[in-house]
2 protein chains.
Amino acid sequence: MPSEINTGLLLLIPYRSMESRVFEELAAAGFDDITPSQARVFQRIAPGGNRLGDLARQAGITKQSAGFLVDQLEALGYVHRVPDPDDGRARLVRVGERGALAVEAAAVVVARIEAEWTAHLGARRMAQLRQILGDLREITDPWA
Amino acid sequence: MPSEINTGLLLLIPYRSMESRVFEELAAAGFDDITPSQARVFQRIAPGGNRLGDLARQAGITKQSAGFLVDQLEALGYVHRVPDPDDGRARLVRVGERGALAVEAAAVVVARIEAEWTAHLGARRMAQLRQILGDLREITDPWA
DNA sequence: AGCCTTTCGTCAGAGAATCTGACGAAATTT
DNA sequence: AAATTTCGTCAGATTCTCTGACGAAAGGCT
């Protein structure tokens with residue numbers, strides 16, 4: 001029978017596969033001092049930078065935890081914080097030099113994995129998958 | 001534009017939504033002493049029971065961590081351990097009485113969420129989603 | 001039989017990640 | 001101006017996870 005496995009687990013399996021592969025290959029490429037938790041925050045940083053609270057909400061953790069992880073990312077040179085010109089209380093977390101290199105390296109790995117998935121599923125179904133997930137985001141993304 | 005967001009994150013968003021909702025509603029139903037980490041191990045337990053090492057591999061954690069979590073699940077009455085008749089070193093982790101009730105309650109919530117998703121996507125596309133994810137599992141499930 | 005070697009689970013200890021609660025500073029509202 | 005809210009941090013505790021080492025049992029190999 002065509003799998004009575006619940007849809008949640010069905011989503012988690014490929015996610016985990018991608019995450020662990022990106023993580024491994026990044027480590028092999030010299031970015032071996034970043035942890036998965038740090039990476040999950042890091043990957044949410046937008047081009048213009050984000051406030052700490054935004055990152056926390058998007059990553060689904062408290063702002064204290066996000067602050068803890070950003071401190072480490074900053075010490076490792078992946079990000080830096082700049083004052084928020086619009087709000088004296090806040091600072092913006094921005095991708096730094098080393099972070100930009102990591103982003104680039106990660107994008108290469110992600111592209112390769114997506115290509116493998118496309119090869120397995122066919123371009124048409126890969127596009128359907130992304131389309132459907134995008135639609136699902138409308139009712140499942142607390143941040144969208 | 002149709003989202004250049006990477007497919008991994010696209011998978012994670014609905015997963016997290018489902019996980020957190022199941023978790024919340026389970027807590028509201030009286031299963032409020034279980035943690036997400038415990039639940040991620042618990043949900044892998046098969047009808048006949050599993051060895052600790054199996055659970056660890058499936059959950060992607062070390063056997064020590066799995067042991068730690070199963071100890072707690074056992075203390076809370078969700079599971080129990082029985083000797084493995086085929087191997088004197090091993091024991092089987094089995095779902096206990098209270099665990100079975102939690103499984104039942106979780107299944108109800110999962111079914112409701114899947115119904116919501118189906119209502120949003122349409123039955124046809126929901127089926128496509130599950131079909132495609134099932135296929136993707138062939139190359140992404142280290143356990144399958 | 002008797003010895004490796006591997007596998008299963010646990011113990012011990014350390015480290016990482018997360019949370020709750022409380023706080024000062026700045027922004028916003030009244 | 002004062003009260004309220006929001007932003008980030010500090011402090012402390014808990015939870016989760018890992019590495020390393022170990023005894024017990026199983027399986028292989030002379």
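Being a predicted model, the structure only gives us computed values, none of them experimental. So that the names make sense, note that chain A is the first sequence line, chain B the second, and so on, each numbered from 1.
- Across residues 59-87 of chain B, B:Lys63, B:Gln64, B:Arg81 each have a non-hydrogen atom less than 4.0 Å from an atom of DNA chain C (numbered order).
- Side chains of A:Glu138 and B:His120: a donor on one and an acceptor on the other come within 3.5 Å.
- Side-chain contact between A:Leu92 and A:Arg81 is absent, with no heavy atoms from C-beta onward closer than 4.5 Å.
- The outermost nucleotides of DNA chain D lying under 4.0 Å from heavy atoms of chain A, listed 5' to 3', are D:dT6 to D:dC10.
- When the side-chain hydrogen bond (donor to acceptor under 3.5 Å, both in side chains) test is applied to A:Arg125, the partners found at least two apart in sequence or on another chain are B:Asp135.
- The side chain to side chain contact (heavy atoms under 4.5 Å, CB included) test applied to B:Ser17 returns A:Thr140, not counting sequence neighbours.
- Comment: A:Asp54 engages A:Arg57 in a salt bridge, judged by a side-chain N to carboxylate O separation of less than 4.0 angstrom.
- In this view, B:Glu19 and B:Tyr15, B:Arg40 satisfy the side chain to side chain contact (heavy atoms under 4.5 Å, CB included) rule, not counting sequence neighbours.
- The side-chain hydrogen bond (donor to acceptor under 3.5 Å, both in side chains) check on A:Asp33 picks up A:Tyr78, A:Arg98, with sequence neighbours excluded.
- Between the P atom of C:dA26 and the CG atom of A:Leu52 lies a distance of 18 Å, rounded to the nearest Å.
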Might you list the N or O atoms of the protein lying below 3.5 Å from N or O atoms in nucleotides 13-15 of chain C, with each pair's distance?
none

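- Partners of A:Gln72 by side chain to side chain contact (heavy atoms under 4.5 Å, CB included), not counting sequence neighbours, listed by chain and number: A:Gln38, A:Phe68, A:Leu69.
- For B:Arg94 (side chain) and B:Val82 (main-chain N/O), no donor-acceptor pair under 3.5 Å exists by modelled atom type.
- The salt bridge (charged side-chain N to carboxylate O under 4.0 Å, His left out) pairs that include a residue from residues 113-123 of chain B are B:Arg21-B:Glu116, B:Glu114-B:Arg130, where partners are two or more places apart or lie in different chains.
- Listed by chain and number, the residues in a salt bridge (Lys or Arg N to Asp or Glu O under 4.0 Å) with B:Glu24 amount to none (sequence neighbours excluded).
- Residues satisfying the side-chain hydrogen bond (donor to acceptor under 3.5 Å, both in side chains) criterion with B:Arg44, sequence neighbours excluded, are absent altogether.
- Residues from residues 31-44 of chain B that place a heavy atom under 4.0 Å from any atom of DNA chain C: there are none.
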